[in-house]
Chemist: 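The structure under discussion is supplied below as structure tokens; questions concerning it will follow.
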2 protein chains.
Amino acid sequence: METTTQTDYSKPKAELNAANIAKPLTIEPPQPHIARQSCDDCVTKPVCAAGVLKRNMPASYHSRLFRTQRFAKGKHLFYAGDSLSTLYIIKSGSFKTYFCTEEGDEQVMGFALPGDILGADALADQRHNLSYMALETSTLCVAPVNTLKTLANRFAPNWLLQQVHGEVLRERQLMLMTARKYSADTRVAYFLLELSARHRARGLSEVEFKLTMPQRDIAHYLDMALETVSRVFTRLQEHSILMIKRPYVRINKVAELKAMVDESLLP
Amino acid sequence: METTTQTDYSKPKAELNAANIAKPLTIEPPQPHIARQSCDDCVTKPVCAAGVLKRNMPASYHSRLFRTQRFAKGKHLFYAGDSLSTLYIIKSGSFKTYFCTEEGDEQVMGFALPGDILGADALADQRHNLSYMALETSTLCVAPVNTLKTLANRFAPNWLLQQVHGEVLRERQLMLMTARKYSADTRVAYFLLELSARHRARGLSEVEFKLTMPQRDIAHYLDMALETVSRVFTRLQEHSILMIKRPYVRINKVAELKAMVDESLLP
DNA sequence: CGATCTATTGACGTTGCTCAAGAGTAGTGG
DNA sequence: CCACTACTCTTGAGCAACGTCAATAGATCG
């Protein structure tokens, strides 16, 4: 499989293209989301983790269940070990989920985007196993867990189970990607394509988006040294597959990025 | 951390000790379990995955729920993709759970021992994500999933959720162990100690037990090459920390094995 | 007793980690 | 607004752990 050969990319190595660098990214700064009570015009609607639940639930319950809240960058929503009291769904912004080993280094388990649920890892034993940190200032839908559980049992009995199961599948996919047989290049390519697909699912551009997490977190997510992440990014830019203008990224050649990852792993 | 330094073990490297090799292992061949209807004298009772369920359930339901069945070595209970119809609990024997990537190599997710449940990964979406293969001829408790779900909802409402959640925790632990920062030595040591602890929990010897899985499976579980597994085993025997007499293994120096793994990771 | 699967051992090459030093960027307070 | 500090990122050099390939020995099964 040529996906694992290093520094090949099967294309001429272009010098870091001045014209390319000059070309400004067309991304808008993120619009501040206006917190509305209704879900109807929420941008996350098509991917909202509570979607099924809401569709099966009389509209009158909505306002009882969800309130909105701002949450500052760098702050923690839960720490691993906290007991469960409230679940959240991201309306705008992003979070990382992680846990720390006793030696103090952290294992990043995932990045949460608008529509994703935060805290579902605690549904089974009422205690969080992961810490959740805001990567940027975000807005959240807040749902008291008891109300949520009651409504879920009544209107979507499988919902809780599926949230926990989603966790299994996501983490299994991550474990697969971080297997030794996949090179650093493959992992980073996968990471970018995964983010790209999730942005597309949210109706956002799949080629230009914001990398809200520092390379350190990407490294801890993909189980590699941060220097290696940096080197891969540099290489991808040299081949003009990618263009990074912190904190934004543009994927110039999706096909070549995909060629670095096995078909079967693509999101 | 000196746990990651290779080929040190902080002890004199003993030649493969002839006296040691001659000394026969004291393990009995596994007694064939007699399949009884009652759970009362089942050896797996203290660790049975359905323990909570049974304790909360009138005894009259037991016979309706569980039947026993023999299952031959090498056979598959489910394949990934099968739809869920029956859950099993191991009465005796062992299984491996795994899935295959499109390229054909397999990722082993775990080894199941007596008392462990088989098939719970399908509880959320009624479809198995993993394949289950018997590592030796085994006996199983068979439970039709519909009956089980009904009874669980009635007598132990959190049980289903906890089974799925258990999966999350186990796989997360595995992911942690297979992180790059842990050496091949550390992983194998961890693997042995994990098995040891699980045997102890079942009232069996924690220093002498049967390694029912081939090294190939251990390698795919710990995400390493099978040659590396073999080398570590050899090294551990050279330092007489371990003694292997296929398919049995004896841990001679538990303390030194534990010293190879971080405290925090120990089961 | 041959065929097949499993384990052992050696030689070699490579990927990616570590350590280290420097440049770029952001946040803070005078 | 600028200077100072603290991150974050970049880049290089060296090294070692582990994967790969290959050949052999041992075990298991019909």
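Residue numbers begin at 1 in each chain, while the letters A, B, ... track the order of the sequences.
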Chemist: Given atom CG of A/Leu242 and atom C1' of D/dC9, what is their separation to the nearest angstrom?
Modeler: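 So the two atoms are 15 Å apart, to the nearest Å.
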Chemist: What bend angle does the helix from C/dC1-D/dG30 to C/dA21-D/dT10 show across its length, from five-pair end axes and to the nearest 10 degrees?
Modeler: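 Answer rounded to 10°: the end axes differ by 50°.
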Chemist: Show, in sequence, the C-alpha distance, side-chain angles and deciding distance for B/Tyr182 and B/Tyr190, and conclude whether the ring-ring contact (aromatic ring centres under 6.0 Å, His included) test is met.
Modeler: CA-CA 10 Å; B/Tyr182 294 117; B/Tyr190 167 80; 8.7 Å; no
Chemist: Does the distance from a Lys or Arg side-chain N to an Asp or Glu carboxylate O, for B/Glu194 and B/Arg170, drop under 4.0 Å?
Modeler: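 Between B/Arg170 and B/Glu194 there is no salt bridge, as every charged N stays at least 4.0 Å from the carboxylate O atoms.
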Chemist: Indicate yes or no for a side-chain donor-acceptor contact from A/Ser196 to the backbone of A/Leu192 under 3.5 Å, with no hydrogens or angles considered.
Modeler: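 Not a single qualifying donor-acceptor pair exists.
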Chemist: Backbone N or O of A/Lys91 within a donor-acceptor pair of the A/Thr44 side chain at under 3.5 Å?
Modeler: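 No, A/Thr44 side chain to A/Lys91 backbone: no donor-acceptor pair under 3.5 Å.
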Chemist: Whole angstroms only, please: what is the CE-P distance between A/Met213 and D/dC9?
Modeler: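 A/Met213 atom CE is separated from D/dC9 atom P by 11 Å.
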Chemist: Distance check needed: D/dA16 C1' versus B/Tyr182 OH, whole Å only.
Modeler: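 To the nearest whole Å, that distance equals 20 Å.
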Chemist: To the nearest 0.5 Å, what is the distance between CZ (A/Arg172) and CE (A/Met175)?
Modeler: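 Output value for this atom pair is 7.0 Å.
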Chemist: Round to the nearest Å and state the distance from B/Arg180 atom CZ to C/dT18 atom P.
Modeler: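 It works out to 11 Å between those atoms.
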Chemist: What nitrogen or oxygen pairs link the protein and nucleotides 8-11 of chain C at under 3.5 Å?
Modeler:
{"unit_1": "C/dT8", "atom_1": "OP2", "unit_2": "B/Gln215", "atom_2": "OE1", "d": "3.3"}
{"unit_1": "C/dT8", "atom_1": "OP2", "unit_2": "B/Gln215", "atom_2": "NE2", "d": "2.7"}
{"unit_1": "C/dT8", "atom_1": "OP2", "unit_2": "B/Ser230", "atom_2": "OG", "d": "2.8"}
{"unit_1": "C/dT8", "atom_1": "O5'", "unit_2": "B/Ser230", "atom_2": "OG", "d": "3.4"}
{"unit_1": "C/dT9", "atom_1": "OP2", "unit_2": "B/Thr234", "atom_2": "OG1", "d": "3.1"}
{"unit_1": "C/dG10", "atom_1": "N7", "unit_2": "B/Arg231", "atom_2": "NH1", "d": "2.9"}
{"unit_1": "C/dG10", "atom_1": "O6", "unit_2": "B/Arg231", "atom_2": "NH2", "d": "3.2"}

Chemist: Please give, in whole Å, the distance from C/dT15 P to B/Asp223 CG?
Modeler: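 After rounding, the reported distance stands at 17 Å.
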Chemist: Sequence neighbours excluded, which residues qualify as side chain to side chain contact (heavy atoms under 4.5 Å, CB included) partners of A/Ser94?
Modeler: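 Listed in chain order: A/Leu113, A/Leu135, A/Glu136, A/Thr212.
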Chemist: From CG of A/Leu211 over to C1' of C/dT25, roughly how many Å is that when rounded to an integer?
Modeler: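 After rounding, the gap between these two atoms is 16 Å.
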Chemist: Strictly distance-based, threshold 3.5 Å: is any side-chain N or O of A/Arg180 a donor or acceptor partner for the main-chain N or O of B/Met224?
Modeler: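 No, A/Arg180 side chain to B/Met224 backbone: no donor-acceptor pair under 3.5 Å.
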Chemist: List in chain and number order the residues that pass salt bridge (charged side-chain N to carboxylate O under 4.0 Å, His left out) with B/Arg202, two or more places apart in sequence or in another chain; answer none if no residue qualifies.
Modeler: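 Scan of B/Arg202 (salt bridge (charged side-chain N to carboxylate O under 4.0 Å, His left out), adjacent residues dropped) gives B/Asp116.
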Chemist: What protein N or O atoms touch nucleotides 24-29 of chain D N or O atoms at under 3.5 angstrom, if any, and at what distances?
Modeler:
none

Chemist: Who are the ring pair (Phe, Tyr, Trp, His ring centres under 6.0 Å) partners of A/Phe78, not counting sequence neighbours?
Modeler: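 For A/Phe78, the residues satisfying ring pair (Phe, Tyr, Trp, His ring centres under 6.0 Å) (neighbours in sequence not counted) are A/Tyr88, A/His128, A/Tyr132.
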Chemist: For A/Asp217 and D/dC7, give me the distance from atom CG to atom P, rounded to whole Å.
Modeler: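 It is 14 Å, rounded to the nearest whole Å.
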Chemist: Which heavy atom of A/Leu257 sits nearest a heavy atom of A/Ile251, and at what distance?
Modeler: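 Shortest heavy-atom separation between A/Leu257 and A/Ile251 comes out as CD2-CG2, 3.9 Å.
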